[in-house]
Amino acid sequence: MGQKKSFIVNRLKSIGFAFKGAMFLLKTEASIQVQFVIAVVLTGLGFYFKISTVEWLFQILAIGLVISIESINTAIEAIADFIHPENHKKIGLIKDIAAGAVFIAAFFASIVGLIIYVPKIFQL
Ligand SMILES: Nc1ncnc2c1ncn2[C@@H]1O[C@H](COP(=O)(O)OP(=O)(O)OP(=O)(O)O)[C@@H](O)[C@H]1O
C-alpha cells in the first residue's frame, strides 16, 4: 500500500516538475511564446470557421507537435551551451539538427493548417 502511494506521489511530483518546465519555457523562450500566440490565433480561427471534430484533432496534434519539438530544441541548445559554451563545429551541427527538427514539424503543421483553412477562406 505504502509503495503504491509513493508511486502515485512520485508521478504527481513528476507532473509538477514538468509543469514547472512548461511554465519556464512559456515565460522565458521567445520562440515558444511566438508559437503559443500562433496556437491561440489558430484556436480562434477554429471557432470562427467552425472546423469539424477531425479538423480540431489534426490542428491540436499539429500545435502540440510543433511546441513539443521546439521545447526539446530549447533543451538541446541548453545542454549544448552547458557542456561546451565555446564555439565548436560539432555544437553548431547539433544545434542546426535540432533546429531542423523544428523546421520539419512546422513545415508539415503548416500543410495541415493550409488543408484546413484554404478551402474555408476561399468560400468566404
Ligand atoms: N557554440 C556554438 N558553436 C558553433 N556554432 C554555434 C554555437 N552556438 C550556436 N551556433 C550556431 O548558431 C545557430 C543558432 O544558435 P543559437 O543557440 O543562437 O540558437 P537560436 O536558434 O538562435 O535559438 P535561441 O534564439 O532560442 O537561442 C546554431 O544553429 C549554430 O549554427
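Ligands are counted one by one from 1 in listed order, and the atoms in each one are counted from 1 as well.
- Within the set Lys95, Glu70, Glu77, the minimum heavy-atom distance to atom 17 (O) of ligand 1 is found for Lys95.
- Less than 4.0 angstrom separates atom 14 (C) of ligand 1 from none of the non-hydrogen atoms of the protein.
- Close approach of ligand 1 to Gly92 is summarised as follows: ligand atoms under 4.0 Å from at least one heavy atom of the residue are 3 (N), 4 (C), 5 (N), 6 (C), 30 (C), 31 (O).
- Within the 4.0 Å cut-off (strictly below), a protein heavy atom is located near atom 9 (C) of ligand 1.
- Looking at ligand 1, you won't find any N or O of Lys89 less than 3.5 Å from one of its N or O atoms.
- Protein non-hydrogen atoms do not reach within 4.0 Å of atom 22 (O) of ligand 1.
- Expressed to the nearest 0.5 Å, how far CZ of Phe36 lies from CD of Glu70 amounts to 14.5 Å.
- Surrounding CZ of Phe58 are at most 12 heavy atoms belonging to other residues, nucleotides or ligands under 6.0 Å away.
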Quick one: do Leu61 and Leu65 satisfy side-chain contact (heavy atoms from CB on, under 4.5 Å)? Show the steps, please.
CA-CA 6 Å; Leu61 266 179; Leu65 181 79; over 6 Å; no

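- Atom 25 (O) of ligand 1 is never approached by the protein to below 4.0 angstrom, counting heavy atoms only.
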Go through it in stages, so that I can follow the logic: the residues are Ile76 and Ile72, the test is side-chain contact (heavy atoms from CB on, under 4.5 Å), and I'd like the CA-CA distance, side-chain angles, deciding distance and then a yes or no.
CA-CA 6 Å; Ile76 290 171; Ile72 293 171; 3.9 Å; yes

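- For the pair Glu86 and ligand 1, a heavy-atom separation below 4.0 Å is found.
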Under the side-chain contact (heavy atoms from CB on, under 4.5 Å) criterion, do Val66 and Phe107 qualify, and how do the steps go?
CA-CA 9 Å; Val66 174; Phe107 177 78; over 6 Å; no

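- Evaluation of the salt bridge (Lys or Arg N to Asp or Glu O under 4.0 Å) test over residues 27-56, restricted to residues two or more places apart or in two chains, returns Glu55-Lys120.
- Within the listing of ligand 1, atoms 26 (O) sit less than 4.0 angstrom from a heavy atom of Glu29.
- Looking at Asn73 and Glu77, their side chains come closer than 4.5 Å, going by heavy atoms from C-beta outward.
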Which is it for Leu93 and Lys89 under the side-chain contact (heavy atoms from CB on, under 4.5 Å) test, yes or no, and what are the steps along the way?
CA-CA 6 Å; Leu93 179 65; Lys89 230 174 89 180; over 6 Å; no

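- If you number the atoms of ligand 1 from 1 as listed, the ones under 4.0 Å from a heavy atom of Asp96 come out as 28 (C), 29 (O), 30 (C), 31 (O).
- Shortest contact from atom 4 (C) of ligand 1 to any protein heavy atom: His88 O, 3.0 Å.
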